[in-house]
Amino acid sequence: MAAILFGSISTLADTSEIQRQAFNDAFAAHDLGWTWERKDYIEMLASNGGAARIAEYAHSRGEKVDSAAVHSTKSEIFQKLLANSDVDPRPGVVETIASAKKHDIKVGLVTTTSPENVNALLGALTAVDVDLFDVVVDSASVSQGKPDRAAYMFALGRLGENAKNCVAIEDNVGGVGAAVAAHVRCVAFPNANTVGGDFSAAVETVDHLDADRLRSLTEGNR
């Protein structure tokens, strides 16, 4: 194995419910009178992109909103919520990164969220430092969001590694699609709100990370 690529901030820590709260708080700030209940939000997570999700929801209600402005407010609120939350690494994350470093395996964070969201998460998640990552991809790195493969192609290029020697970890269906499109083996690691998704494109679906198991996925390429 050459690299382990974490595909979103929620593969490091489950922030999905914090995200939903931030959306609802942003809706209140913009006097929209919307509330996304958890059941509805889970259904929305089948697609990627918060601003697009807001625009689609407004369209379904026959309303016009500035989805970019609402999403910007949501991001600011999300970052503040993270700063005041007790956020823990997901099962096996710390151990997997430590094992990767021990075995000279590169570690990447390949997300298309904003740099500010990445910084907020890593600032709140003291057990995982940004210096542990050999590459960090965010929305400033590529113009196409997932499920487009652009983020993974960017990461592979920066790392100078072949896709067949890397393993991606993704928590949502669109992320899995992006990794597969880049020919990177992908392990689905659903969060509490994406666990019901169709992860059949992943090589396997897990509820915790195991470093030895991840390394074994590329052993046939030696």
Side-chain angles (χ1 to χ4, degrees), residues 4-24 27 34-60 67 71 74-75 78 81-82 87-93 96 108-114 117-118 121 125 128 137-139 142 144-153 155 163 166-210 213-214 217:
I4 296 174
L5 306 174
F6 288 86
S8 75
I9 60 176
S10 278
T11 59
L12 300 175
D14 192 343
T15 63
S16 189
E17 276 297 282
I18 300 175
Q19 298 268 15
R20 185 171 71 88
Q21 180 183 344
F23 275 112
N24 286 333
F27 300 155
W34 299 354
T35 300
W36 284 356
E37 302 295 342
R38 187 175 183 188
K39 177 180 179 294
D40 300 322
Y41 184 59
I42 288 172
E43 293 177 359
M44 295 175 191
L45 292 176
S47 63
N48 289 69
R53 203 172 292 134
I54 292 167
E56 289 168 6
Y57 185 74
H59 179 74
S60 73
S67 58
H71 189 256
K74 174 262 173 183
S75 295
F78 174 66
L81 288 173
L82 272 180
V87 182
D88 295 316
R90 297 185 64 191
V93 165
T96 294
L109 178 58
V110 186
T111 178
T112 50
T113 192
S114 69
N117 283 350
V118 171
L121 185 279
L125 195 63
V128 181
V137 183
D138 54 43
S139 63
V142 294
Q144 300 90 355
K146 297 175 183 178
D148 192 279
R149 67 176 185 166
Y152 277 101
M153 299 306 294
C166 303
V167 172
I169 300 164
E170 283 283 1
D171 72 329
N172 63 80
V173 173
V176 172
V180 171
H183 305 293
V184 179
R185 286 177 179 82
C186 187
V187 171
F189 187 32
N191 64 54
N193 284 344
T194 60
V195 69
D198 178 5
F199 292 105
S200 56
V203 295
E204 61 185 25
T205 300
V206 301
D207 59 9
H208 70 280
L209 298 183
D210 181 283
R213 174 60 184 159
L214 290 174
L217 295 176

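Applying the side-chain contact (heavy atoms from CB on, under 4.5 Å) rule to Asn117 yields the partners Ser75, Phe78, Gln79, Thr113, Ser114; only residues at least two apart in sequence or on another chain are considered. By the side-chain hydrogen bond (donor to acceptor under 3.5 Å, both in side chains) test, Ser16 pairs with Asn193, sequence neighbours left out. Under the side-chain contact (heavy atoms from CB on, under 4.5 Å) criterion, Ala55 pairs with Ser67, sequence neighbours left out. With sequence neighbours excluded, the residues satisfying side-chain hydrogen bond (donor to acceptor under 3.5 Å, both in side chains) with Asp198 are Ser200. Under the rule for a side-chain hydrogen bond (donor to acceptor under 3.5 Å, both in side chains), Trp36 has no partner lying at least two apart in sequence or in another chain. For Arg20, the salt bridge (Lys or Arg N to Asp or Glu O under 4.0 Å) partners two or more places apart in sequence, or in a different chain, are Glu17.
One N or O on the side chain of Thr96 and one on the backbone of Gly92 form a donor-acceptor pair closer than 3.5 Å. In terms of modelled atom types and a separation under 3.5 Å, the side chain of Arg90 and the main chain of Ser10 share a donor-acceptor contact. Put simply, the side chain of Lys74 never gets that close to the backbone of Gly50: no donor and acceptor are under 3.5 Å apart. Checked by atom type and distance alone, the side chain of Asp138 never pairs as donor or acceptor with a backbone atom of Val118 at under 3.5 Å.
Remark: Asn191 CG to Asn172 CG distance equals 8.0 Å, nearest 0.5 Å. Between the OG1 atom in Thr112 and the CD atom in Gln144 there is a gap of 10.5 Å [rounded to 0.5 Å]. The structure places CG of Asp40 at 12.5 Å from CZ of Arg38, a figure rounded to the nearest 0.5 Å. One distance of note links CG of Asp14 with CD1 of Ile9; it measures 10.5 Å at 0.5 Å rounding. Thr15 contributes atom OG1, which lies 11.0 Å from atom CG of Leu81 (distance to the nearest 0.5 angstrom). How far CD of Glu170 is from CZ of Phe6: 11.0 Å, rounded to the nearest 0.5 Å.
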(message) Would Phe27 and Ile54 count as a side chain to side chain contact (heavy atoms under 4.5 Å, CB included) here? Give the steps.
(response) CA-CA 10 Å; Phe27 300 155; Ile54 292 167; 4.2 Å; yes

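Between Val206 and Glu204, the shortest heavy-atom distance links the atoms CG1-OE2, 3.8 Å. Residues Ala163 and Val184 approach most closely at CB-CG2, 3.8 Å, considering heavy atoms. Residue Val137 comes nearest to Ala155 through the heavy atom pair CG2-CB, 3.8 Å, listed as atom of the first residue, atom of the second, then distance.
In this structure, Leu209 and Val93 have side chains that are in contact, with non-hydrogen atoms separated by less than 4.5 Å. Contact annotation: the side chain of Tyr152 never approaches that of His183 to less than 4.5 Å [non-hydrogen atoms, C-beta and beyond]. Counting only heavy atoms from C-beta outward, the side chains of Asp207 and Pro91 never approach each other to under 4.5 Å.
Remark: of the listed residues Val176, Asp171, Val187, Val176 is the sole one forming a side-chain contact (heavy atoms from CB on, under 4.5 Å) with Phe199.
Using modelled atom types and a 3.5 Å distance limit, the side chains of Thr111 and Ser8 yield no donor-acceptor pair.
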